[in-house]
Amino acid sequence: MTIENNRKADFPIDDQFIQRWSPRAFLDKEVPEELLFSALEAARWAPSSMNIQPWRFIIARTKEDRERFHSFIMDGNRVWCEQAPVLILFISEKKGGAHTFDTGTAFGFFALQAMENGLVTHPMGGFDKEKAREVLDIPDHYQLHAVVALGYQGDKTTLTPELQERETPSTRRPLQASIHEGKF
Ligand SMILES: Cc1cc2nc3c(=O)[nH]c(=O)nc-3n(C[C@H](O)[C@H](O)[C@H](O)COP(=O)(O)O)c2cc1C
């Protein structure tokens with residue numbers, strides 16, 4: 001995986017944080033179950049408010065299940081994520097004071113472990129949440145967050161010309177621009 005020069009840490013960190021990014025090109029190759037479950041296992045160990053563990057993961061890895069997911073994913077995402085062998089919807093039970101925060105942390109853990117397992121992830125908020133709720137029979141007391149595409153990274157030439165241009169790791173604003181010391 002080539003990580004461009006624009007992805008340099010201002011302070012020393014483990015390389016995994018820099019190496020993880022969200023490509024759109026996927027190989028037509030199945031994800032072994034142990035690698036999928038290993039990444040979900042990492043998510044399981046995320047911290048959560050009062051250890052409620054509000055996250056739930058809805059997995060689509062058969063053709064039939066993935067097609068059901070494709071039916072509610074926005075066209076701009078569907079064009080590339082149809083190639084992904086696994087799609088996972090991250091949802092949370094609306095319980096405790098921080099179910100969204102907790103589930104985001106779970107995704108972070110998932111994404112890093114997936115990368116350690118030689119896989120790539122791409123989260124998507126661009127899907128019809130009402131339709132997804134209906135199609136997947138998700139009760140009202142769960143909130144839908146993101147569909148995550150999971151698989152082996154593919155060659156960018158498999159993407160549309162427009163997406164090929166965007167198939168590169170992004171940078172970050174300087175750390176100092178996110179920090180307020182003492183008070184906002
Ligand atoms: C909650 C969430 C929703 C996102 N939605 C989309 C999306 O609908 N389509 C897309 O292509 N990328 C989506 N992304 C990916 C972000 O654009 C990406 O993570 C960000 O640009 C940082 O790039 P990196 O993950 O490659 O480091 C989403 C990311 C998150 C965390």
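Whatever order the structure lists them in is the order used to number ligands and atoms, beginning at 1. FYI, the numbering just counts along the sequence from 1.
For atom 28 (C) of ligand 1, a protein heavy-atom neighbour is present inside the 4.0 Å cut-off. Protein heavy atoms are found inside the 4.0 Å sphere centred on atom 10 (C) of ligand 1.
Contact annotation for Met74 and ligand 1: no heavy atom of the residue comes within less than 4.0 Å of the ligand. Counting heavy atoms under 4.0 Å from ligand 1, residue Arg172 touches it through the side chain alone. Contacts of Ser22 with ligand 1, taken as heavy-atom pairs under 4.0 Å, involve both backbone and side chain. Here His145 has no heavy atoms under 4.0 Å from ligand 1, in either its backbone or its side chain.
For Glu41, the CD atom is densely surrounded, since the number of other residues' heavy atoms within 6.0 Å is greater than 12. By the neighbour-count criterion of 12 heavy atoms within 6.0 Å, atom OH of Tyr152 is densely surrounded, having more than that number from other residues, nucleotides or ligands.
In terms of heavy-atom proximity, Gln16 sits nearest to Glu116 at CB-OE2, 3.6 Å. Contact record, Pro47 with Phe109: CD-CZ, 3.8 Å, taken as the closest heavy-atom pair. For the residue pair Asn77 and Gly126, the shortest heavy atom distance occurs at ND2-O, 3.1 Å. Nearest heavy atoms, Gln83 versus Phe26: O-CB, 3.8 Å. Closest heavy-atom contact between Asp128 and Lys131: OD1-N, 3.0 Å. Minimum heavy-atom separation, Pro123 to Phe107: CG-CZ, 3.7 Å.
The shortest heavy-atom distance from Pro169 to ligand 1 is not under 4.0 Å.
When each atom of ligand 1 is checked for a heavy atom of Trp21 under 4.0 Å away, the hits are 26 (O). Residue-ligand proximity, Ser170 to ligand 1, at heavy-atom distances under 4.0 Å covers atoms 22 (C), 23 (O), 24 (P), 27 (O). Atoms of ligand 1 found under 4.0 Å from any heavy atom of Arg7 (numbered from 1 in listed order, with element): 27 (O). Close contacts between ligand 1 and Asn77 involve ligand atoms 7 (C), 8 (O), 9 (N), 10 (C), 11 (O) [criterion: under 4.0 Å to a heavy atom]. Heavy-atom proximity to Arg24, at under 4.0 Å, picks out these atoms of ligand 1: 10 (C), 11 (O). Within the listing of ligand 1, atoms 3 (C), 4 (C), 5 (N), 6 (C), 7 (C), 8 (O) sit less than 4.0 angstrom from a heavy atom of Gly125. For ligand 1, the atoms closer than 4.0 angstrom to any heavy atom of Gly126 are 8 (O).
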Arg61 and Leu150: side chain to side chain contact (heavy atoms under 4.5 Å, CB included), yes or no, with the steps?
CA-CA 10 Å; Arg61 49 183 167 153; Leu150 174 77; over 6 Å; no
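Taking atom 1 (C) of ligand 1 as the reference point, the nearest protein heavy-atom neighbour is Ala146 CB, 4.4 Å. Here the heavy atom of the protein found nearest to atom 16 (C) of ligand 1 is His122 NE2, 4.9 Å. The nearest protein atom to atom 14 (N) of ligand 1, hydrogens excluded, is given as Pro123 O, 3.0 Å; this is a heavy-atom distance.
For the side chain to side chain donor-acceptor pair (under 3.5 Å) with Glu93, the lone residue among Gln53, His99, Arg56 that qualifies is Arg56.
Looking at Arg20 next to ligand 1, an N or O pair under 3.5 Å apart turns up.
The aromatic rings of Phe184 and His180 sit parallel, their planes meeting at an angle under 30°, below the 60° perpendicular limit.
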